[in-house]
2 protein chains.
Amino acid sequence: MITLRDKTYTCPIDVSLSFVNGKWKILILGHLHQFEKSSYSHLRENLPGVSEKMLAQQLKELEGDGLLMKNVLSAKPYRVEYTLTERGRSLAPLTAFLSEWGIDYLKENGIDYLKDQHLYK
Amino acid sequence: MITLRDKTYTCPIDVSLSFVNGKWKILILGHLHQFEKSSYSHLRENLPGVSEKMLAQQLKELEGDGLLMKNVLSAKPYRVEYTLTERGRSLAPLTAFLSEWGIDYLKENGIDYLKDQHLYK
DNA sequence: CTGAATCCTATAGGATACTG
DNA sequence: CAGTATCCTATAGGATTCAG
């Protein structure tokens, strides 16, 4: 058992997972890896099915864990921009691998995502 | 939206995540990547805190998804052995990355896991 | 536009006892 | 040894409304 800040982990993988647990976190990170910067509404549109509560909550947790930053672009009208921190960008191999693995799996099942990507918007 | 076998996914990452969602699946996969083969009890001992229900359930799901295989070694006494399938082994980069990332993070926080691994058993 | 605040529920997950 | 079978609960997550 590893103990860090009053939390315990069974192994280093468990430590990493604690940053990305939650239904939408990895998808949010993947989105930001792809677009670099994104508004709240842009995130919402690209995460079909996400609720306001979960999007706001998981963005806060990701920010609190130092994986992304929120920049207020203007106060009136209120606009924000989310970007990855260096720590967040260090997870790029994770989202890249999951994306490639998923594409491979889809291909084995007759779906050419890259070619037909426009169909899945 | 991607549809495959009556399930929908927002993107390829979402497809991949559907294979590893669940509190213990990635830890199980990491365990099997490390040990190659493992008995039920060996898995349980190395996943501190896992309940019988979840271990059995997630093993079944992983088997059903074609990521691991269960081999019955002997009927009496009843002994089994879990091993990764080829598809399961194809996730090796995932567990490897999460492990390294966790080790790096721990190091930034004053914990040298590789050196002091024996302390965390 | 970007959330915060409620309210609600489904289910993931845990504890325990039991079986071949 | 390798699980099943129950029972139970906490909480992750969703729907909706309101606000700066």
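Just so it is clear, the values below take in all heavy atoms, side chains as well, and ignore hydrogens, waters and symmetry mates. Chain letters run A, B, ... following the sequence lines, proteins first and then strands; every chain starts at 1.
The side chain of B/K60 places an N or O atom within less than 4.0 Å of a non-bridging phosphate oxygen (OP1 or OP2) of D/dT4. The phosphate of C/dG3 (OP1 or OP2) has a side-chain N or O of A/K70 nearer than 4.0 angstrom. A close approach under 4.0 Å does occur between a side-chain nitrogen or oxygen of A/Y82 and OP1 or OP2 of C/dG3.
Among D/dT6, D/dC1, C/dG3, the nucleotide with an atom closest to any side-chain atom of A/E52 is C/dG3. In the set D/dC1, C/dA4, C/dG14, D/dC1 carries the atom at the smallest distance from any side-chain atom of B/R79.
Using a 30° and 60° split on the angle between ring planes, A/Y105 and A/W101 fall in the parallel class, below 30°.
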Worked verdict on A/E108 versus B/R87 for salt bridge (Lys or Arg N to Asp or Glu O under 4.0 Å)
CA-CA 12 Å; A/E108 291 174 17; B/R87 173 167 292 156; 2.8 Å; yes
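Checked for salt-bridge contact, A/K70 and A/E81 miss the test: no charged N lies under 4.0 Å from a carboxylate O.
Taking atom CG on A/L55 and atom C1' on C/dA4, their separation rounds to 13 Å, with Å as the unit.
Nucleic acid contact class of A/E81 (heavy atoms, under 4.0 Å, all strands): none. If you check every strand for non-hydrogen atoms under 4.0 Å, A/K23 touches sugar and phosphate atoms only.
Judged purely by distance below 3.5 Å, without hydrogens or angles, the side chains of A/E45 and A/Y40 never pair a donor atom with an acceptor atom.
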